[in-house]
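Single-structure report; data block below.
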2 protein chains.
Amino acid sequence: MSAVSKGTDETVATSDRAGQEIFTPHDHAACVSNSFAAAEARCESGKVRLTENRRRVLDLLLEEHRPMGAYAILERLRAIGYSAQPPVAYRALDFLMEKGLAHRIESLNAYVACSNPENCTNPAFLVCQVCDRVAEAQADDRPSAAALAAGKIGFEIEQEFREARGTCPSCTNKA
Amino acid sequence: MSAVSKGTDETVATSDRAGQEIFTPHDHAACVSNSFAAAEARCESGKVRLTENRRRVLDLLLEEHRPMGAYAILERLRAIGYSAQPPVAYRALDFLMEKGLAHRIESLNAYVACSNPENCTNPAFLVCQVCDRVAEAQADDRPSAAALAAGKIGFEIEQEFREARGTCPSCTNKA
DNA sequence: TTCAGAGTGTTATGTTATAACACACTCTGT
DNA sequence: ACAGAGTGTGTTATAACATAACACTCTGAA
């Protein structure tokens with residue numbers, strides 16, 4: 001298994017992290033190596049390991065660079081010659097999410113690799129309903145509407161989900 | 001079928017719409033009549049009808065006042081003597097969501113009655129992971145982090161999902 | 001009165017996720 | 001060396017959530 005992408009649209013790097021790198025060419029090889037570097041770093045300290053299975057799933061997510069359902073991941077794993085029952089995918093995904101290397105897109109029941117694992121605290125996702133890609137944006141530092149409401153009533157937030165469905169710029173232009 | 005609640009915790013009305021009415025006593029009978037009034041109003045103009053099925057499902061959601069899975073709804077429908085296959089629930093829920101009378105909680109795969117159907121545009125949901133209730137807050141008028149990111153890259157947002165998982169005040173106090 | 005559109009009933013199936021249990025691997029302390 | 005704890009895997013089975021498809025009924029307008 002190679003930690004390497006499919007080789008499409010990975011020519012131009014962008015520095016802005018507003019999310020457009022997903023909908024336009026970007027330095028995908030860097031994505032991959034960043035992500036694996038972060039993954040290894042996060043396993044150094046603890047007792048957990050970046051095992052073969054977990055690598056493979058991370059690799060698939062990075063390669064696709066778009067949300068994948070757990071069963072799509074399983075199919076791919078089988079295609080490359082591994083036996084894989086559902087728990088295999090879910091365990092790997094749980095690990096990756098726990099370590100901040102992947103995110104669940106609630107509105108799609110699907111999973112994506114984190115596009116910025118070094119610096120990912122409050123991601124918001126822009127989900128293109130045409131091409132099915134997802135851009136990950138870092139939320140700004142203003143408290144969200146949910147956080148404000150929570151503060152008012154003494155609700156303690158543990159995790160926020162922010163997702164938006166719509167049409168990405170390149171699909172808008174095609175239409 | 002009565003458009004009436006179970007009769008618990010429905011004593012004190014609150015006027016603030018920050019969401020606390022879900023986690024504290026409130027005038028539940030008013031909820032119910034507001035919701036049915038809105039439902040009827042939204043059927044006046046069009047060709048669609050607030051049919052028995054749709055009434056029943058709305059009534060159940062209002063009665064529970066917490067998220068219900070589609071299959072929980074089906075169980076309840078059967079319990080009160082109606083045959084009900086999955087499409088029955090999903091069709092009613094689709095209708096209610098289309099008319100803004102119910103919302104889907106993506107992170108739970110569940111549905112709640114809208115707590116403020118007259119004035120509901122950008123709801124954010126606070127989901128208590130202990131008691132399983134959901135408060136619905138109206139988002140403020142600031143653009144969300146997602147909207148800002150979207151604006152920057154020309155992504156056209158159609159719908160936003162804002163959900164937060166955490167612990168509600170009364171469950172925090174019990175702990 | 002008939003026709004179109006809206007809604008229902010039903011069967012079957014597709015999709016997503018987890019429980020549970022036996023086993024294997026890898027450290028660590030002795 | 002090896003026992004024990006903790007971590008991870010393999011596998012079977014099943015739970016939970018959602019939709020496709022088709023025949024039928026109802027209602028209101030032409």
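Chain letters run A, B, ... following the sequence lines, proteins first and then strands; every chain starts at 1.
Distances shown here put every side-chain N or O of B:Tyr90 at or beyond 4.0 Å from the OP1 or OP2 atom of D:dT19. An OP1 or OP2 oxygen of C:dA6 is reached within less than 4.0 angstrom by no side-chain nitrogen or oxygen of B:Thr51. A sub-4.0 Å separation between OP1 or OP2 of D:dA18 and a side-chain N or O of B:Arg104 is present. For C:dT10, one of the phosphate oxygens OP1 or OP2 lies less than 4.0 angstrom from a side-chain nitrogen or oxygen of B:Ser83.
Electrostatic pairing of A:Glu63 and A:Arg56 does not count as a salt bridge here, judged by no charged N lying under 4.0 Å from a carboxylate O. Salt bridge status for B:Arg165 with B:Glu163: absent, with no side-chain N to carboxylate O gap under 4.0 Å.
Position along DNA chain C of the nearest nucleotide to B:Arg54 versus B:Tyr71 favours B:Arg54 as the more 5'-ward residue.
Rounded to a whole Å, the CG atom of A:Leu93 is 12 Å from the P atom of D:dT9. Taking atom CD of residue A:Glu52 and atom P of nucleotide D:dT9, one finds them 10 Å apart after rounding to whole Å. For the pair A:Gln85 CD and D:dA15 C1', the interatomic distance rounds to 16 Å; values are reported in whole Å. Atom CG in A:Asn53 sits roughly 13 Å away from atom C1' in C:dA24 (whole-Å rounding).
For C:dT10, its base sits under 3.5 Å from the side chain of B:Arg91 at one donor and acceptor pair at least.
A:Tyr90 and A:Tyr71 have perpendicular rings, their planes meeting at more than 60° on a 0 to 90° scale where under 30° would count as parallel.
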